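Below is one structure, written out as structure tokens, with a few remarks after it.
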Amino acid sequence: MAHEHITLSRWLIEQERSHGHIPGSLRLLIEQVARACKRISRTVSRAASSGALGSLGSENVQGEVQKQLDVIANDVLLEANEWGGHLAAMASEELETIHAIPHRFPRGEYLLMFDPLDGSSNIEVNITIGTIFSVLRLPDGVATVRAEHFLQPGRQQVAAGYCTYGPQTTLVLTLGHGVAVFTLDLDDSGFVLVKEHLAIPRASREFAINMSNMRHWAPPVRRYIDECLAGRDGPRGVDFNMRWVASMVADVHRVLERGGVFMYPWDAREPDRAGKLRLLYEANPMAFLVEQAGGMALAGHQRILDIEPTGLHQRAAVMLGSSDEIERLGRYHREALGIE
Ligand code: P6P
């Protein structure tokens, strides 16, 4: 049940004024991002009837086929956030380079990164997809913003969140003081608070991974999953359940809500690539949210939020969720490296 109808705007104002957690400029930025997500939600829900499904036949900077909705969602976020005066620049999964704020608009102190529509391979089959976003501060004294200014470790984030477009349109947000969940109230056309101070259970018996890649995994991942699959007759002594939506926002939302493990580890298909998911606008925001909810987020044995980025679109291995399970995975990786 929503908290006595506390809207996102009211909650953000309380975070600013009562708790001093955020400055007004960051509050206004988050409100802009939320308004953009509402527009994307409406566009996604009308896509089938408006002919906005399907691909454009082009590829994005990732070499992936671009869906119409990928580009629409990207444009909505750029247009909604470039005039507000809170940002110095934006970066998107759909853009090769950064999007500097046009000179006709005031420039602010924040950098916004986003995956405008994560999981878009699920669009045509009506499975939950979403927008993932991350906010950094522009380093002091920067006159001209360049991509290098985005290359900050995830622990520097001042805010992060995602919006799921599924049975409900849900906004999950952290400002560095816990995780809050909002749902889109269609009657008021606004986000209302559903819960705050989300806490991921330490223990879990549920893992999410694309099992078709099993033969390509590194030994520590194979060891962990084999033990889960062995169930009560194996070393874990209990049975496990498996989920895989193939939409990071959907899988991570389940982990935040009820615990579990989400994994997209390094695999030998492309040995030079750290992983499939992108560090700056997928792994880092999700890792920030999970840690703020009491979980853990590792890339092998290393904390994701401590990775020093070297490229705007660099990728990372991701293992996040219930801390007992992620600690075990981290130990298996350290043992494999001989550092445990
Ligand atoms: P696979 C979606 O394309 C995505 O980037 C994530 O949202 C999702 O977790 C992953 O890729 C799914 O990858 O290889 O299972 O299709």
Side-chain angles (χ1 to χ4, degrees), residues 37 40 44 47 53-56 58-74 77 91-95 113-134 160-166 170 172 206-218 221 225 242-257 260-271 273-290 295 297-299 304 312-321 326 329:
C37 289
I40 295 168
V44 166
L53 293 179
S55 301
L56 288 170
S58 53
E59 285 190 347
N60 64 12
V61 65
Q62 323 287 342
E64 294 165 343
V65 173
Q66 275 187 312
K67 306 282 186 178
Q68 288 183 69
L69 284 175
D70 285 325
V71 175
I72 293 168
N74 189 61
L77 282 158
S92 167
E93 179 187 86
E94 299 302 325
L95 299 175
M113 296 157 284
F114 46 81
D115 178 357
L117 205 57
D118 172 68
S120 47
S121 60
N122 284 321
I123 292 175
E124 281 90 354
V125 292
N126 198 22
I127 289 174
T128 294
I129 52 181
T131 297
I132 308 171
F133 62 90
S134 168
Y162 59 84
C163 195
T164 64
Y165 312 121
T170 301
V172 180
E206 190 166 72
F207 65 89
I209 193 167
N210 184 333
M211 291 292 287
S212 70
N213 300 325
M214 179 176 250
R215 64 189 182 283
H216 304 300
W217 295 335
V221 172
I225 297 296
M242 196 211 94
R243 288 284 182 275
W244 189 248
V245 183
S247 257
M248 187 185 196
V249 286
D251 280 315
V252 172
H253 189 64
R254 185 192 55 254
V255 167
L256 277 167
E257 287 282 6
V261 168
F262 169 84
M263 301 168 74
Y264 214 112
W266 170 94
D267 69 53
R269 290 175 296 168
E270 293 193 50
R273 210 173 72 164
K276 170 175 186 181
L277 302 176
R278 291 79 174 180
L279 176 62
L280 292 188
Y281 41 80
E282 289 177 331
N284 273 344
M286 293 307 201
F288 189 21
L289 286 160
V290 165
L298 299 179
I304 287 175
L312 208 52
H313 300 293
Q314 83 178 64
R315 298 169 190 263
V318 176
M319 309 182 307
L320 57 78
I326 304 299
L329 269 159

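Any value given below was found using the heavy atoms of this structure, including those in side chains, with hydrogens, waters and symmetry copies removed. Just follow the structure's listing: the first ligand is 1, and inside any ligand the first atom is 1. None of the values given here were measured: they were computed from a predicted structure.
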Residues two or more places apart in sequence or in another chain: which of them pass salt bridge (charged side-chain N to carboxylate O under 4.0 Å, His left out) with Asp115?
none
Summary of salt bridge (charged side-chain N to carboxylate O under 4.0 Å, His left out) pairs that have at least one residue in residues 122-132, sequence neighbours excluded:
Lys67-Glu124
With heavy-atom distances below 4.0 Å as the criterion, list the atoms of ligand 1 near Leu277.
5 (O), 6 (C)
Regarding Ser134 and Asn284, is there a side-chain donor-to-acceptor distance under 3.5 Å anywhere?
no
Could you check whether any heavy atom of Asp118 sits closer than 4.0 Å to an atom of ligand 1, since that is the contact criterion I want to use?
yes
Check ligand 1 against Ser247 and write out every atom of the ligand that is under 4.0 Å from a heavy-atom position of the residue.
7 (O)
Whether Glu206 and Arg254 form a salt bridge (side-chain N of Lys/Arg under 4.0 Å from carboxylate O of Asp/Glu) is what I want to check.
yes
Below 30° counts as parallel, above 60° as perpendicular, anything between as tilted: where do the rings of Trp244 and Tyr264 land?
tilted
Considering only heavy atoms of Asn210, which atoms of ligand 1 have at least one such atom less than 4.0 Å away?
1 (P), 14 (O), 15 (O)
Counting both backbone and side chain atoms, is some N or O of Tyr264 under 3.5 Å from an N or O of ligand 1?
yes
Atoms in ligand 1 flagged as close to Met248, the criterion being non-hydrogen separation under 4.0 Å
6 (C), 7 (O), 8 (C), 9 (O)
Atoms of ligand 1 under 4.0 Å from any heavy atom of Gly119, numbered from 1 in the order shown, are 2 (C), 7 (O)
For Trp244, the ligand 1 atoms whose distance to one of its heavy atoms is below 4.0 Å
12 (C), 15 (O)
